[in-house]
Number of protein chains: 2
Amino acid sequence: MPPTPAPIVTALENRGHRLTRPRRRVAELLADRSGAFSAADLLGDADRRHVPIGRATVFRALELFTDLGLLERIDLPSGDHAYVVCDAAHHHHVVCRNCARSVEVADSGLQSVVSEIGRRSGFQIDTHRLELFGLCPDCR
Amino acid sequence: MPPTPAPIVTALENRGHRLTRPRRRVAELLADRSGAFSAADLLGDADRRHVPIGRATVFRALELFTDLGLLERIDLPSGDHAYVVCDAAHHHHVVCRNCARSVEVADSGLQSVVSEIGRRSGFQIDTHRLELFGLCPDCR
DNA sequence: ATTTTTGCAAATCATTTGCATATAT
DNA sequence: ATATATGCAAATGATTTGCAAAAAT
């Protein structure tokens, strides 16, 4: 049985969630993924690798991991939902439209753009999402 | 029968789409909406006002209008899909998390943030989406 | 021992599709 | 006249739910 990625173990423990076998399995599947993927992709991985996990459990784990900040749920230009693994706290993702590879990017100056928009619009801005899509260096 | 909003009429004509009764009806429903709304919201409007339009037709009109740049499809923090009416060409939307009111905002300095990210990540960035959520002046 | 989590299958929800009919050009 | 668009009802696909059994603390 492959090892369960440490950050996931700690994140679960910190918030009093149980470290179950199915959650570990999902964590392993995630560890082998790079870039953006859908719930269906993960279900497919599990199937292909004969890792037994219930469909509902996968959805529940994705939701939990997202709450814990281990994943972020993004929306592709097509409108489909996808997930990306997160390392840092606040950041955004650039996703390759060809191979789905994704990298986290720092908030380079976005913060001031956001406050500028808040000022101009009169809104009190709580959240923002910046999603970027294009071609990664390899796919260019 | 209420008037069909002019920009919609011209947008359809320009691209050789037919100005049908159902599309006019959708256009009228849109005109009476402010802020972000879902396909279901619109279907609800039609129902409530006894405006007869098929469900499929509403979805098809929303897709068409989005292609024409009259609407933008956004994703709420909840992950639900929503639409907002667009005036300008390129812009982003701030959506009130309380009343769903939305306003378009200019690209204040975002362009340079995007190119900065492109440079740092090595990606060739084609598209980006910035969605902002918070409280509008009235809901604060 | 107790509480949380699982897995299944059924339910739900949004969106799409096929196709015969109606409508705009 | 002819191509396009509609409406229906059925299909699809993704995600969620209820609930009894299983596993983690």
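DNA chain C lies under 4.0 Å from at least one heavy atom of each of the following residues of residues 54-62 of chain A: Gly54(A), Ala56(A), Thr57(A), Arg60(A). Residues of residues 67-81 of chain B having a heavy atom closer than 4.0 Å to DNA chain C, listed by number: Arg73(B), His81(B).
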Test salt bridge (Lys or Arg N to Asp or Glu O under 4.0 Å) on Arg129(B) and Asp75(B) and set out the steps.
CA-CA 10 Å; Arg129(B) 305 160 75 184; Asp75(B) 295 284; 2.5 Å; yes
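Nucleotides of DNA chain D nearest to Glu63(A) and Pro22(A) differ in position, and the one nearer the 5' end is that of Glu63(A). Both Arg18(B) and Ala39(B) lie close to DNA chain C; mapped to their nearest nucleotides by heavy-atom distance, the more 5′-ward contact belongs to Ala39(B). Mapping His17(B) and Gly16(A) onto DNA chain C by nearest heavy atom places Gly16(A) at the nucleotide closer to the 5' end.
Whole-Å rounding puts the Arg24(B) CZ to dA5(D) P distance at 14 Å. Summarising the geometry, the separation between CD on Glu13(B) and P on dT25(C) is reported as 8 Å, rounded to the nearest angstrom. For Ile53(B) and dT15(C), the CD1 to C1' distance is 16 Å, given to the nearest whole Å. Rounded to an integer number of Å, the gap from CZ of Arg25(A) to P of dA22(D) is 16 Å.
Between the side chain of Asp41(A) and the backbone N or O of Ser38(A) there is at least one donor-acceptor pair closer than 3.5 Å.
Taking a cutoff of 4.0 Å between a charged side-chain nitrogen and a carboxylate oxygen, Glu28(A) and Arg25(A) do not qualify as a salt bridge.
Between the side chain of Arg21(A) and the base of dA24(D), no donor-acceptor pair under 3.5 Å is found.
Comparing dT5(C), dT15(D), dA24(C) by their nearest atom to the side chain of Thr20(B) picks out dA24(C). When distances run from any side-chain atom of Arg23(A) to the nucleotides dT25(C), dT5(C), dA14(D), the shortest one goes to dT5(C).
With ring centers used as reference points, His92(A) lies 6.0 Å or more from His128(B).
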